[in-house]
Amino acid sequence: MEKKRVRLTVAYDGTNYHGWQVQDNGITIEEVLNKCLTGLLGEPIQVIGASRTDSGVHALGNIAVFDTVNPMPAGKISYALNQRLPEDIRVQKSEEVPPDWHPRHCGSRKTYEYRIYRAEFPMPVKRFYSYFVYRPIDVGRVREAAAYLEGEHDFKSFCQAGAQVESTVRTLYWLQVEEQGQDLVIRVCGNGFLYNMVRIIVGTLLEAGLGKREPDEIPGILEALDRSAAGPTAPACGLTLVKYEFT
């Protein structure tokens, strides 16, 4: 039987999962996909994910690929697979791609969104999808600080210490700060992100918005190339991988 490569666009609520990548200490998105695909297609399947989101992080469209000899048309796999997946994971699209196509070996743009809920008291229905902050946030200061991060920089200060990467240089195409009622939404689009990079950016921007550091300190944080120079890592619950685009 002829082998084909199938690309999945996967949406998930990451609350109950220990991130994307298979690991020993808890159930993951990748593990569930492998198990359900293996059962559906009748052969051992191991998906390759484009972005290894952390524990508790959500996605509207992460990308995964796998190879199969099953004759089921690629476009039908999403319908059959969704019948087997838990309700907090859903494939939005399945399609055949060239046999050598790999999500990590081609140009791409990723967009993340981080939500902060601003109020006197927490809102229970938002607890899994936003970070609650009760102190007033100066949005102007957040925007001023964010502007320094756009463009190509060495983001080593915004990478979790100990991460194994060849280069910490990344390009942020844009970084937007938008108010939606009581939600403060920080969106960032880039050619790639380091381990915990978006959450560290958010934690640092929040410090500017709360008056704990000046917005014009951002260039110095970048130049320091030291994780301890940046702010805290914001909680995972507020982060969602919104879009994955291949260039």
Side-chain angles (χ1 to χ4, degrees), residues 14 17-23 25-26 28-30 48-59 62-63 102-116 131 142-177 185-210 212-245 247:
Y17 298 93
H18 288 249
W20 173 273
Q21 192 173 14
V22 170
Q23 50 189 290
N25 66 340
T28 66
I29 304 294
E30 187 178 55
I48 300 170
S51 183
R52 297 169 180 173
T53 52
D54 297 337
S55 178
V57 174
H58 316 294
N62 203 349
I63 302 296
H102 193 294
R104 298 183 204 152
H105 298 163
C106 55
S108 64
R109 295 163 62 103
K110 283 193 279 190
T111 302
Y112 279 95
E113 177 180 283
Y114 195 95
R115 288 189 169 266
I116 299 160
Y131 175 34
V142 174
R143 289 193 176 114
E144 186 181 344
Y148 289 106
L149 293 168
E150 293 182 331
E152 183 180 85
H153 304 284
D154 189 329
F155 283 95
K156 187 173 182 180
S157 295
F158 294 88
C159 177
Q160 191 64 42
Q164 302 295 315
V165 289
E166 291 182 6
S167 170
T168 48
V169 175
R170 297 291 186 273
T171 300
L172 297 190
Y173 301 117
W174 49 262
L175 203 165
Q176 300 172 342
V177 181
V185 182
I186 298 173
R187 289 194 192 91
V188 57
C189 177
N191 67 347
F193 293 90
L194 303 165
Y195 183 43
N196 282 349
M197 179 174 159
V198 178
R199 291 164 60 191
I200 296 169
I201 285 175
V202 170
T204 307
L205 295 181
L206 266 180
E207 285 193 330
L210 294 170
K212 295 181 179 180
R213 69 168 76 229
E214 293 304 313
D216 62 8
E217 291 180 38
I218 298 296
I221 296 172
L222 288 165
E223 291 168 11
L225 303 178
D226 184 350
R227 170 66 187 92
S228 65
T233 305
C237 58
L239 185 62
T240 300
L241 173 59
V242 174
K243 188 186 295 185
Y244 218 116
E245 301 168 283
T247 55

Positive for side-chain contact (heavy atoms from CB on, under 4.5 Å) with L205, one of L210, L175, I116: L175

Donor-acceptor check, side chain of H102 to backbone of R104, threshold 3.5 angstrom: yes or no? yes

Nearest atoms (heavy-atom pairs only) where A236 meets S55: CB-O, 3.1 Å

Close side-chain approach of M197 to L172, heavy-atom, < 4.5 Å: yes

From CD1 (I48) to CD (E30), nearest 0.5 Å: 9.0 Å

For A230 and I200, the nearest pair of non-hydrogen atoms, with its separation, is CB-CG2, 3.9 Å

Donor-acceptor pair, E150 side chain versus Y148 backbone, under 3.5 Å? no

Spacing of CD belonging to Q23 relative to CG belonging to N25, to within rounding of 0.5 Å: 4.0 Å

Is the closest side-chain heavy-atom distance between Q176 and C189 below 4.5 Å? no

Please table the atom pairs, donor to acceptor, closer than 3.5 Å between any side-chain atom in residues 221-228 and protein atoms at least two apart or in another chain.
| from | atom 1 | to | atom 2 | distance (Å) |
| --- | --- | --- | --- | --- |
| D226 | OD1 | S228 | N | 3.0 |
| D226 | OD1 | S228 | OG | 3.0 |
| D226 | OD2 | S228 | OG | 3.1 |
| R227 | NH1 | G231 | O | 2.8 |
| R227 | NH2 | G231 | O | 3.0 |
| R227 | NH2 | T233 | OG1 | 3.1 |

Could you tell me which non-hydrogen atom of V177 sits nearest to which non-hydrogen atom of A146, and how far apart they are? CG2-CB, 4.2 Å

Let me confirm one number: the CZ-CG distance from F193 to L241, rounded to the nearest 0.5 Å. 9.0 Å

Should R187 and W174 count as side-chain neighbours, where that means a heavy-atom distance under 4.5 Å? yes

What's the separation between atom CD in Q164 and atom SG in C159, rounded to the nearest 0.5 Å? 9.5 Å

Value rounded to 0.5 Å, distance of CD in E152 from CZ in R170: 10.5 Å

Taking C-beta and beyond as the side chain, do L149 and T204 meet within less than 4.5 Å on heavy atoms? no

Which atoms form the tightest heavy-atom contact between T28 and Y17, and what is the distance? C-CD2, 3.9 Å

Taking the side chain as every heavy atom from C-beta outward, state whether F155 and S167 have any pair of such atoms under 4.5 Å apart. no

Does a side-chain heavy-atom distance below 4.5 Å link Y195 with D54? yes

Looking only at non-hydrogen atoms, find the nearest pair between Y244 and P103 and report the distance. OH-O, 4.4 Å

Do I186 and I201 have side chains that approach each other closer than 4.5 Å (heavy atoms only, starting at C-beta)? no

For L206, is there any backbone N or O sitting under 3.5 Å from a side-chain donor or acceptor partner on R213? no

Tightest non-hydrogen contact, residues V142 and G209, listed as CG2-CA, 3.6 Å

In this structure, are over 12 heavy atoms from other groups packed under 6.0 Å from K156 atom NZ? no

Do Y112 and L239 touch side chain to side chain, with heavy atoms closer than 4.5 Å? yes

Is the side chain of H58 donor-acceptor paired with the backbone N or O of G14 at a distance under 3.5 Å, no angle test? yes

Does E113 reach the main-chain N or O of T240 with its side chain, forming a donor-acceptor pair under 3.5 Å? no

